[in-house]
Amino acid sequence: MRGDAEAASVLRPRTPAEAVRLFQKHKDALPIAGGTDLMVAWNAGGLAGRTFLDVSPLRAWSGIRQAKDVLVLGSLATHTDLLRHPLVRHHLPLLAEACATVGGVQIQNRGTIGGNVANASPAGDTFPPLAVYEATVAVVSAGGRREIPFLEFFTGPKRTCLAPGELVESIRVPIPRQPMARAMFRKVGTRAAQAISKTVAAGLLWLKRDGTVEELRLALGSMAPTVRRLRSAEAFVQGRRLTPAVVREAVALVSNDVAPIDDVRSTAEYRLAVSRNLLFRFLSEPR
Amino acid sequence: MRIRFTVNGKPRSYFGSGMKRLLDVLREDLALPGTKEGCGEGECGACTVLLDGQAVVSCLIPIAQVAGRRVATVESLGRPDRLAPLQEAFLAEGAAQCGICTPGMLMTASAYLRRGGRADEGAIRRELAGNLCRCTGYQHIVSAVQKASRQTAGRARRRA
């Protein structure tokens, strides 16, 4: 049975200022944006009796814009908005690719980037790209505004460091420097659409003129309670050439930074093997 | 709460909980049973309608979020005696079997065609990836959308 609609109340602020005021007053309210995750729980009866804070009317938070060398993605920008936006496609192609793999078009049309981030699924497909792009999460409350580094935002599966009364205002992504040698986004699921990832990977690679690694950034989703950067592998290749031996060693280090589990979608063994293969190909093959 | 919105071009008003699903408001309050419930959790696409022209699943939308917006359901496409070209194409290609997924397929496909979607099989399959059918095996559905797309493009050429 879904939650009793008659007993539920929905707060509908019109401005961000009104939203944070209402949220301060109703700290137990549950923010709802696109509703693609929340409504599943509601339909299953899990949120009966709750008050909802509908942030979807906040136009000020739906835009995508460039502020100097940062792309500011309003928290209410949908996956469709992002995957079609010229600035996102040009500067953050891995994020555009990730958005195109979330659900089907109906979910992409409703699900928002802020909702995706605040929901903190261990399998969030946009998270590995945002982790390698080193995004920050801008949050606001009646008390003020703060920015949180992307990886620090998540404290566990479905858990974040958001304090009571705080709402995600935007995701801020520094435009990566060019020229970049390679970039990768790969999602592995049961099928292309509507599947929750078994593993999801993103990578950025910069090489020096002499062919040695200037910087490597790798991230995996669905491989730990939260999205992880592969710091051991990243550090190992720094300053080296990506010879077959170096790539093999780097890929072996993946297990230092993740902790995959067996669950309904896959096994820890499969997840680790496939993730290593994805990274092996990324590091081995110039695209 | 009182919520005003437009359904199939007509202004509508609903009074009740803002958390009632758009799907239920359409079927129960507005007597538009063309929209079907499949999984009720946003996986199958059976309840797809258009919200301001975009395909969305009506089982995941609380009616409060529909205030001031335009909804289009399968009832807006055509009538039994005057079907839309997309519906004619579904009939001609045998793209419906049990029929539960059909209204959702039609609405997702109609959003695609209105955006100028082409008769490209890969693009149509990607667009319809969020709509599950357990009978037809999809090929007939894809063929029907291709057929309707060619007709739409043909009409646009003749007009130009």
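Excluded from the calculations below are hydrogen atoms, water molecules and symmetry mates; all remaining heavy atoms, backbone and side chain alike, are included. Protein chains get the first letters and strands the later ones, always in sequence-line order, with residue 1 at the start of each.
Contacts between A:A33 and chain B at a heavy-atom distance below 4.5 Å involve the backbone alone (N, CA, C, O). Using a 4.5 Å cut-off between heavy atoms, B:R125 does not touch chain A at all. B:I63 does not touch chain A: none of its heavy atoms, backbone or side chain, sits under 4.5 Å away.
When all heavy atoms are compared, the tightest approach of B:A72 to B:N8 is CA-OD1, 3.2 Å.
Under the ring-ring contact (aromatic ring centres under 6.0 Å, His included) criterion, no residue pair touches residues 84-114 of chain A, with sequence neighbours excluded.
Taking a cutoff of 4.0 Å between a charged side-chain nitrogen and a carboxylate oxygen, B:R27 and B:D24 do not qualify as a salt bridge. For the pair B:R115 and B:E127, the salt-bridge criterion is met [side-chain N within less than 4.0 Å of a carboxylate O].
When B:T48, B:I61, B:L132 are compared by the number of non-hydrogen pairs under 4.5 Å with chain A, B:I61 comes out ahead. Annotation: maximal heavy-atom pairing with chain A below 4.5 Å, among B:C39, B:A111, B:P62, occurs at B:P62.
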Inset, instruction - Could you walk me through whether A:T78 and A:R110 pass the side chain to side chain donor-acceptor pair (under 3.5 Å) test, one step at a time? - result: CA-CA 6 Å; A:T78 65; A:R110 290 288 295 170; over 6 Å; no
